[in-house]
Each structure stands twice: as C-alpha cells, then as structure tokens.
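I have placed the structure first, in the form of structure tokens, so that the comments after it can refer back to it.
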Amino acid sequence: MTGLGDVTRGRILFGGDYNPEQWPEETWAEDARLMKDAGVNSVTLGVFSWSRLEPRPGAREFGWLDRLMKLMHDNGIGVVLATPTSSPPPWLGRLHPQTLPRDEDGRTEWWGGRQHFSHSSAVYRRHAAAITEDLAARYGGHPALTMWHINNEYCTYDWGDEAAARFRHWLRNRYGTLDAVNSAWGTAFWSQGYGEWEEILPPRRAHYLKNPGQVLDFKRFTSDMLLECYAAERDIVRRHSPHTPVTTNFMPLWAGQDAWRWAEEEDVVSVDLYPDPRDPFGAQHGALVQDMTRSQARGPWMLMEQAAGPVNWRGVNHPKPRGLNRLWSLQAVARGADAVCYFQWRQSRQGAEKFHSGMVGHAGEQGRTYQEVKQLGADLAKIGPHVADTRITADVAVLHDWHSWWAGAQDGRPSTRFDYPDVLHAWHRALWEAHLTTDFAHPEHDLTPYRAVVVPQLYALTDAAIDNLLAYVRGGGTLVCGFLTGVADQDDRIRTGGMDARLRDLFGIRTLHEWWPLEADETAACDGFRGTLWSEEIEPDGTATETLPYKGGELDGLPAVLRKGRAWYVSTLPEPDALRGLLARAAAEAGARPVLDGLPAQVEAVRRGDLLFLLHHGREAVTVPVPGTHHDLLTGRTVTDEVVLGRYGVAVLKP
Ligand code: GAL
C-alpha cells in the first residue's frame, strides 16, 4: 500500500498544475528557475494534454513530455502525472459522436470546451484506456514520477442511449428483478410500473415531477459509472508502477460523487478548494472541506488546487488581499494537508481561463502574487519536517452522506427554501466558532472514537445507520440531531410517524405530526432563541429529560428541542449564536474541549501532532493567550504565555 507519505517524505508538497504546452519551450527554462526559487517541489503535468499527445487517432507524441519530465527531474521537482482523459481531442467526438454526453433534453455536449465525454461510452473508455496504457508504459518507471492523477474533477452526467443501457445493467445488479425496481421506486404511483427492462430510461425531461427513486438511483449510477472510469485507468497505471500512489481530485461537497466510496479507491485523497476571498465565511468553508477531505483520507491529504489570486468563474472575481493566500494555505496544513498546490503554475494568456490567476500571474516574477507564493514556499519548507505525516484528533464528528443528500434534495418536497449544504455549513460553523475540532463521518462508520456526534440533517437513513446511532448512544456517546432526520429509508420510502420509530424513542418523541417549514424572512420564536428555515409539530412521549419549547404561534408550548439523556433533537435551525451555544454545551457535557480557551473570535486554533496552529482571520492585530513556552516555527522565536498575530497572521507553535 502506497500513500502520500511515500511522496512527501518529511516535506510538504508545494506546486501546482503545470500546463507548459500552452507556452513556447523557451519559457520552460524560466519556469524551472522560478519554481526552484519559490520552493516548488511538485507539479502536475498533462491534465489537458490529450490532443497534444495524440493529435491524430493512434498517433503518439511524447517527445515534448519527455523533455519536460527530464527538466523537472533535473531541477529536483517531482511530477504528478495526469491521464489526459477529461478533455478528449476534437477528432474523438467527430469520428465517434457516441462518446459525447447528452443532457436530459437529449442535447449533445460538443467539443470546444472540456469534459465532453460520456462515462458510459465504450468507445470513450477504450480510447481513454489506450492513451493511459501508453502513458503509463512510457513514464511508469520515470525517476521524476511521484504520483498518478487520473482524469480531472470527474463530474459529467449523461442521459443518452448508451447511458440508458448501462443504467439498466446497473439496476439489474442492484435489484436483481424488475419487481424489486418497481418496489424500490414506488412505481404504483402515477402508473409508472415497468414491465420490461427496456422501458427504463435515465430520468429525462418529463412533463411534471419525476419519480424520486429513479432520480436517486440515477445519481448513484452516475457516481458509480465515473468511478468505473477512474478505476479502469487506475488499474492500468498501477500495473506499470505498482508503488506509485494514485489520486483523482474531488470538488468540495460536489453533489455528483459519493466521495466516501471514491476515497476508498484512492491511495491519496485530494481536493480542489476555492473559497471566495470576499465571503465572510470563506475560511469556515475551507475548514469544512479540509475536515471532510481529511476524514475521507483518514490521514494526510492533498490540496490539489487552489487559486493564488482571483478565479474567473464567479460573477465578480475578487483577488486575494495581501496575506490571505498564505493564511488559507497554512489553514489547509493545519487541518491535515501534506500538499499545498494550485491551479495553475503560470497564468494563461489565451483560452477560457486567461483571467484566472496563476502562481506566476501576468505581472510576472515581480508581481505580488508570485512574491507571496515564494514567501509561502519558504514557510512550508520551515514547517514541513515537523508537520508532514502527523495526525489530528477530533472529539466531535459531523455525519454526512451523499445518498441522503440525493434523496432529500428532490423536487416536490415540503420546502425548497433551504439546501442541504447550507444546513451542513451552519452546523459545522457553530462547531468551528466554538473552536471544537471536527471530523466528518459516514452514518455507518464506527463512531466510538468520538465524544459527540452531530447530525445536521440526514433525511434518509438505512437501518444499519440507525442501528449505528442507537448503539453509539447506548455505548455512552452524545448525539445531536437536526431537523428532517431519519424521515426516509434508503429507497426514499417514508418511515411513518414523521421519523423512524427507534429514533423517536431515542429522543422521547411520540409522534411528529407535521412539518412547519418557514418562509425565507420568517423565524420561529423558541425559549431563548429563534429558529429559522423549519419547525416541527412534535408530541413528546414524556420521557425527555429536558425540552425547550416554541413560544407563540401554532406550535406554542410544543418542544423545539428535546433531550433524552445523551440524545438531543433540534427541530429547527437555531440562529447561529444559539446553535453554537447549544452544540458547545452538548459537546462540553460530553467532555469535548475547545482547542484553546480564551481565543479571540477571529482566531482559529488547530492541533496537529504536537504542534499548535494559530490562524488569524482578521486584519487588526490580536493577542492570543497561550499558556507555557513555545517555539514558533515560522518566526524562529520563543513565545511565552501569549502570541501577537498581525493581519492574517499565523503562528505554528511547538512545545
Ligand atoms: C478546477 C479545474 C481546473 C481549473 C480550475 C479553475 O475546477 O480542475 O482545471 O479549471 O477549476 O478554478
């Protein structure tokens, strides 16, 4: 088994996507010089190189890549080599139109952009395998090669005919019989019963609401088809270089991929992360994605892409103010990253991303962006030997599951006024602001390492997941569940009584009579706080040990929050301060402690191994009380009992 540790060997990987085919070869030597100067030790090559490597069907042009691999090796820079399969050359689509995906209206996604491939196309898979095979045969033993990167941000859908055939095959494997499909999808409703497999289609454009079971399974199927594409290429590169780790980059909290399942198929888990520099909660979004990626990796992970400055795909694309790139990069390290990389090394001068920043921007070597990148490279070199391969221990786990998200996010639900990711963010933010370190976990994972487990919202839960939660509480764990949890089973079949009976019993609920979703500008007054988004009409069974009631309105006097021993149920989304207070209290009673006491509001603290990271997200200097004497690895100074952090300041303290 290989992993990131085999590549980092006591360093933090630093670098980014390098697309030298966009530049004349004279530039390459300058690239190498600037890379070395900035402490870059890793580049990702070849992500979008298919048409350069195979300009005509079956042709192979490796000479330019040979020269680059050598150049990187000569300069001591490792290469993460990508299979180029996310952007097929135009000839593939022209000669084999069946490789192009169709949207739900049957429209073709043509070449001219990227990711115009159907995961289900046998011809696409064959051509992707062929170029991967030759790439792996040629470079599998190259001394510059450190890691394989398969494809890029797998994220395509296909509603076409070949996808339809594979969907049926997938359903046969999952359910065995057509009767079982009909039962899982509840096709007795609206005369949807299937008599022949051939009648089953991907959920294409329909007149009115689509069958939710069909939509749910199509999402599962899509994730599985992309995973098949990934695994096929991974197996090829592994055959040629069994000791080189393999990764593919996730998009954060991307709806199209069950990343829990995918992570099990990777040697290194990597993610692309682009918080908006203007988002007041950008740092918390970063922390959430970092916690989730670390949990998927079960250890150190790779920040495959971030932006050194602005991106080009928001309405308004803000640059990073001075210091922010360093702060957010070190935040990733604090939360377990052993690789800090960017899209991309040199900012393009042409093409769709010419306004997207690079580590070397259009302003060049003297530009602020490159100068800050260089500073970061020096910082990472200082802390690397102390950080790489060390672990983070979290007392609290946040549960998340893609299947529940997919089941709960469909049309025709009680309220479309909230999104699952927003609820997840709100709960994670409460814990982040309370300075509690969190892992993420799947509802069927072993939860016993955690003092407290929170469930922001798991609309659909399998029986195994419910058993797991019950066993966790029985074993002494503290569980806090948010609204609309445990409502449906794995087929999106409603569990009667408003919530699974075992969970109702756990929280002291006799019946959940109705959901009372709230309008965007509406709140529900509760004892001591206000609820947002949602409220519920709950009849308690009298066994709860504590309740906080709704005040006024239709639900006056009914419990908004119930607690029965160590199991809490929160039937609304409390406003941020209240949610933070509630979760901090439940966590404290469970014995989970904040990383440090007395932290100023804008300072984030994380312990990694024996190091204490302090990250200041504000611009005014603050003094952070830190009892004892520490050595700051970044400044080289000794600090006693307090640390002063300036604008976006960071300290990495070693006892
Ligand atoms: C990622 C992608 C990169 C680049 C980047 C821009 O989604 O993997 O190739 O497009 O976004 O932010």
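Atoms within each ligand, like the ligands themselves, are counted from 1 in listed order. This structure is a prediction, so every number in the text was calculated from the model and none was measured. Only this structure's heavy atoms are used, side chains among them; waters, hydrogens and symmetry mates stay out.
- Among all non-hydrogen protein atoms, the one lying nearest atom 6 (C) of ligand 1 is His356 NE2, 3.1 Å.
- Protein heavy atom closest to atom 9 (O) of ligand 1, with residue, atom name and distance, is Arg114 NH1, 3.1 Å.
- By the 4.0 Å heavy-atom criterion, Met251 is excluded from the residues contacting ligand 1.
- From the protein, the heavy atom lying nearest to atom 10 (O) of ligand 1 is Glu353 OE2, 2.4 Å.
- Looking only at side-chain heavy atoms (C-beta outward), Trp405 and Gln457 stay at 4.5 Å or farther from each other.
- What you find for Leu95 and Pro57 is that their closest heavy atoms are CD1-CG, 3.6 Å.
- The aromatic rings of His127 and His96 lie tilted to each other, with the angle between the two planes from 30° to 60°.
- Here the protein heavy atom with the shortest distance to atom 7 (O) of ligand 1 is Glu153 OE1, 2.4 Å.
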Carefully, step by step, assess His240 and Tyr139 under the rule ring-ring contact (aromatic ring centres under 6.0 Å, His included).
-> CA-CA 9 Å; His240 291 278; Tyr139 300 108; over 10 Å; no
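- Within a 6.0 Å radius of CG in Asp74, more than 12 heavy atoms belonging to other residues, nucleotides or ligands are found.
- For ligand 1, the atoms closer than 4.0 angstrom to any heavy atom of Phe48 are 9 (O).
- With a heavy-atom cut-off of 4.0 Å, Asn152 touches ligand 1 through its side chain alone.
- The shortest contact between atom 5 (C) of ligand 1 and any protein heavy atom is with Tyr274 OH, 3.4 Å.
- Here the heavy atom of the protein found nearest to atom 2 (C) of ligand 1 is Glu305 OE1, 3.3 Å.
- Where the criterion is an N or O separation shorter than 3.5 Å, residue side chain and backbone included, Trp313 meets it with respect to ligand 1.
- Residues Arg335 and Asp291 form a side-chain contact, since some pair of their non-hydrogen atoms from C-beta on lies under 4.5 Å apart.
- Considering only heavy atoms from C-beta on, Arg11 comes within 4.5 Å of Asn41 through its side chain.
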